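Computed from a predicted model, the values in this text were never measured in an experiment. Letters go in sequence order (proteins before strands), and every chain restarts at 1. The analysis underlying the following values was restricted to heavy atoms, covering all of them including side chains, and did not include hydrogens, waters or symmetry mates.
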Number of protein chains: 2
Amino acid sequence: MVNETQHTCSASSSSRSDGGSSSGSESSKDNSRCSTPVLDADRHERLRDKMRRRQDAGDKWFSLEFFPPRTANAAVNLISRFDRMGAGGPLFIDVTWHPAGDPGSDKETSSMIIANTAVNYCGLETILHMTCCNQTKDDITGHLQKAKRLGLKNIMALRGDPAGEEWEEEVDGFNYAVDLVKHIRSEFDDYFDICVAGYPKGHPEAESYDADLRHLKEKFFAGADFIITQLFFRPETFLKFMKDCQAIGITCPIIPGIFPIQGYHSLRQLVKLSKLEVPQEIKDVIEPIKDNDAAIRNYGVELAVSMCRELLDSGMVHGLHFYTLNREVATTEVLKRLGIWKEDPRRPLPWAVSAHPKRRVEDVRPIFWASRPKSYIYRTQEWDDFPNGRWGNSSSPAFGELKDYYLFYLKSKSPREELLKMWGEELTCEESVFEVFTCYITGEPNRNGYKVTCMPWNDDPLATETNLLKDQLEKVNRRGILTINSQPNINGKPSTDPIVGWGPSGGYVFQKAYLEFFTSSEIVTALLKVLKKYELRVNYHIVNVKGQNITNAPDLQPNAVTWGIFPGREIIQPTVVDPVSFLSWKDEAFALWIEQWAKLYEEESPSRMIIQYIHDNYYLVNLVDNDFPLENCLWQVVEDTFELLN
Amino acid sequence: MVNETQHTCSASSSSRSDGGSSSGSESSKDNSRCSTPVLDADRHERLRDKMRRRQDAGDKWFSLEFFPPRTANAAVNLISRFDRMGAGGPLFIDVTWHPAGDPGSDKETSSMIIANTAVNYCGLETILHMTCCNQTKDDITGHLQKAKRLGLKNIMALRGDPAGEEWEEEVDGFNYAVDLVKHIRSEFDDYFDICVAGYPKGHPEAESYDADLRHLKEKFFAGADFIITQLFFRPETFLKFMKDCQAIGITCPIIPGIFPIQGYHSLRQLVKLSKLEVPQEIKDVIEPIKDNDAAIRNYGVELAVSMCRELLDSGMVHGLHFYTLNREVATTEVLKRLGIWKEDPRRPLPWAVSAHPKRRVEDVRPIFWASRPKSYIYRTQEWDDFPNGRWGNSSSPAFGELKDYYLFYLKSKSPREELLKMWGEELTCEESVFEVFTCYITGEPNRNGYKVTCMPWNDDPLATETNLLKDQLEKVNRRGILTINSQPNINGKPSTDPIVGWGPSGGYVFQKAYLEFFTSSEIVTALLKVLKKYELRVNYHIVNVKGQNITNAPDLQPNAVTWGIFPGREIIQPTVVDPVSFLSWKDEAFALWIEQWAKLYEEESPSRMIIQYIHDNYYLVNLVDNDFPLENCLWQVVEDTFELLN
């Protein structure tokens, strides 16, 4: 009887089966024992497996193509765009390879570094394009090794455009994309997922459509995992192509490349490059409105939506690949109208996970970097292992120095002029600094009428969760408790709570109240007297820029301040207050006063000297209220402190 | 100002200080990052450091000496005595070395194996005696290596008694205890804590009291960490000896050996062996009552108490070492009257920790072995690493086979005749088995008037915590849900709760409700139907002896069912329901039906066949209610199941 139930599985006591994951990768065995309750099995799967899982589940998905920017400022903007467009849930993004832009270099605008940033700092599954013509095997191998080292797992293998006008075969060189596919498989075995390009109308240089199909088949048999097509203008073009591919035995996923027309000139340029012909019915619409950008974009969106609908309705297409041209509006609009832009309010963990394979098991971080996750990732990039289950297990607690404030993924999104407007063209006293902090908390404009939407320690407006504490935060900032991080206590809210929830549904999340701030030594003196009353309840760490460190938690134990209990799982405790890491964080936190704020002003100017004074004399304080089931006592601690001072 | 506070410590951001532990051992660095909130720092300290810490804190402590038993049955009893006397909080126990008893062998009565059992299975800090005369260096090194391998960390280095009547020096051999001390230090560096013997009246073979003191000084300077003295009859004997030792530069702790007189014959024998003279005032009391054992023991207790008081009151003595003669009553009485027998109701973890250094970081175990911790320790003894922080991290999940039911530390404390009285001389049907389970739960006598105080899966009476569930357990056992393990759900009780609390004070403990039982396939069929209603809430694993396994938790994730939140700590989750381990446990759980119960009866007897039938046909079921903040639904699940069956 029992054996007839669906759940039955035979297992001997010593065997350990694979956990039922459909993943065939060698890492699936480790994963079967990793307890991190990521919402998306995605985090542990390779791209081709995710694609298959989504297809099997009948899910529709999309992906986004970007090209590397030309300038550092454009790179900052592109990264913000990755963050914003990443919110819609692309299955992956891809970054094109610009041979002219030194694509494998460490420049902040190189293809390699943009892809690295997308994976490591934005947590996006990413495909790096790579072209092979006019390059030696050693060059290519070097690029691939670097990509692997950076945590990139997917390559789009392309031939690239020949150097001269005419295409000439090189002896012993890479002449076709298939050579690159073979090379990747022979040198890197199954490490990379490989994507190749398909041409629904045939490659412009191919002898014929059929010959081109045969080339594609070669690429598939050489080891390509899936195909992304060149853009096309009519759905039937793609559907015929797909049937033709399947007919000759190409069984991997084929993803249509969608190009929402966004402007007259970009269309013309693309058509010229791709040697495609724009159908007459489209030309007829566009030519009359060619000077009306908005009209063209509206038409482009309309056209793309209708083509995508037809593709999806065919039942043959599960995913759509968008040529974004690094723009946001048109693609987002199309995706929203198709209903496949899905902002998932659920978070696997309270912080955004990185997509580097080394960080696959990472599930605990110090709370200090909560608003500077990219800096945290940067400063821990050399770690061999990432803490899993317990911060105390971390075997590599040495943080890299943060001297590279210029790095584009760490830079403020706002230019100097805007920062000055927010933080004050001229500071007159410490209180004018208090005011900046207060305006950031309240969202009210400052005395010059500008809203303070970021701070040196936080490049984004206040988090929803922090809003819960807004009134108290405002009160204390006004009086010189300059808060840079905080969280309320939570005693078992459902994991689906829209504000504080995270992790899979059916769980409960908890928090200890946390407050972190800069403040003067006078306030610290009073605070320490008050804290004596709270000795067993409140843990504190108080440190100045010189590293003088005052704490009542002398044994360097991390204190878990966020944790979750889930059905059928071990406990997850994703944020800790770690006394050791706090000393690395304080270097960064104090340096931000100077690097981001003081340096806005002339040397020797009063404004700069005020910031310098705070940097030199204030303390950085963190407080944890361990009694999470009771009302948060930290506000009382601060109030008692002010009372003592009066 | 701030720098004047007591807590101030300077620390650069990269340095990681030692956490303030007074331990000088090389392991202290790891410990500073181990998050296990053991109540006693003891677990991570070596004996000499514990001794110093207790002395510095002004604590009084005691230790207990035992000799290895002669028979396997006596060994079973001795281990029970270790467990009982361990509850009083000895700083350590020591086990004497019996050259005639093959002391270094694997026999269950050898000194080595008894000490091993005390450390690993009873969790007691243990000193193994070792004598060196008439042994080769290789023999001694072999013994020491074995001791180290077994997790023993302390050696009492003794000369031992010469083989013949007269003492002759051996060339190149070990002639004195000091040779052994030197050998241990030269071969094992600082690994072992070394204890040596002191003779308050001088060694009987020494040329003089002063010469003997000089020998002791040699042992101290050769590397002995502390001294335990031979017994003596007058406190002033010890106090003079101690002053004399200190006067010649012996600065280590000197612990008086206390011998509570327990009987006329044992006193005479000991006196003969130790060549001590009994003072006249004692003889005068004893001789007239020499045939009255109780009177002599009462006198002995009285005498010991008054001598110990005088020693402790002197301010020179912090610890007392008791020669127990493997007896319990007199020593326990003395300790209780002195007020240094301290049963600490607090538990560092919900289960008793082992004292093997390898297990120092262990803080999570599967719940299945909750009532068979010695079996769990035995089956995991070959593991190189023990899970810490997270069960999923465990790198060695392979359990040793349990074929050695005969091992004395795994055997039932009750002899066959008693087991038959409890579990039935004759079973007539499955229901008579239900009745045994029910009587065990209720504590009521069975139909023959015997109380069932143990079961094959549990050698002790019902745990206090399980008592919370008594009524429900009784009801379900009567109907054939044969429970062997359970715990109630707990939603944040103080860690000091006398029943379910554990860990340091100021914390909160939590549990998910758990129920584990054997039951028939008919009941399982109904249960599975009922469980569909509880699909998202209840995790189940159901397995029969052949390993047919039914579960709704297919990804082999461990489920944390006991956890605690403490001030300034990471989360501790000491018990999990681990699907992989469950399959190892089921082998053991099913085998216990046969090994412990069926084999009480004749082959082919109806009683034996009933147990065999249950073994062959029943399922082992475990259920976890994940919704710990709500009322435990597992009883409803069982009730629904019975309802469905009716």
Are A/Arg379 and A/Asp587 ion-paired here, with the side-chain N under 4.0 Å from a carboxylate O?
no
Using heavy-atom distances under 4.5 Å, tell me whether B/Phe510 contacts chain A through its side chain, its backbone, both, or neither.
side chain
Pick one of side chain, backbone, both or neither for B/Val576, based on which atoms fall under 4.5 Å of a heavy atom in chain A.
side chain
Most contacts with chain A, counted as non-hydrogen pairs under 4.5 angstrom, among B/Val364, B/Asn539, B/Leu536, B/Ile565:
B/Ile565
Before you tell me yes or no, could you show the steps for A/Gln557 and B/Glu570 under side chain to side chain donor-acceptor pair (under 3.5 Å), namely the whole-Å CA-CA distance, both residues' side-chain angles and the distance that decides it to 0.1 Å?
CA-CA 8 Å; A/Gln557 292 275 336; B/Glu570 292 196 76; over 6 Å; no
Turns out that what part of A/Tyr508 lies under 4.5 Å from chain B's heavy atoms comes down to side chain
B/Asn489 and B/Asp627: side chain donor to acceptor below 3.5 Å:
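No, no side-chain donor-acceptor contact under 3.5 Å.
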Without hydrogens or angle criteria, can the side chains of A/Glu588 and A/Trp369 be said to hold a donor-acceptor pair below 3.5 Å?
yes
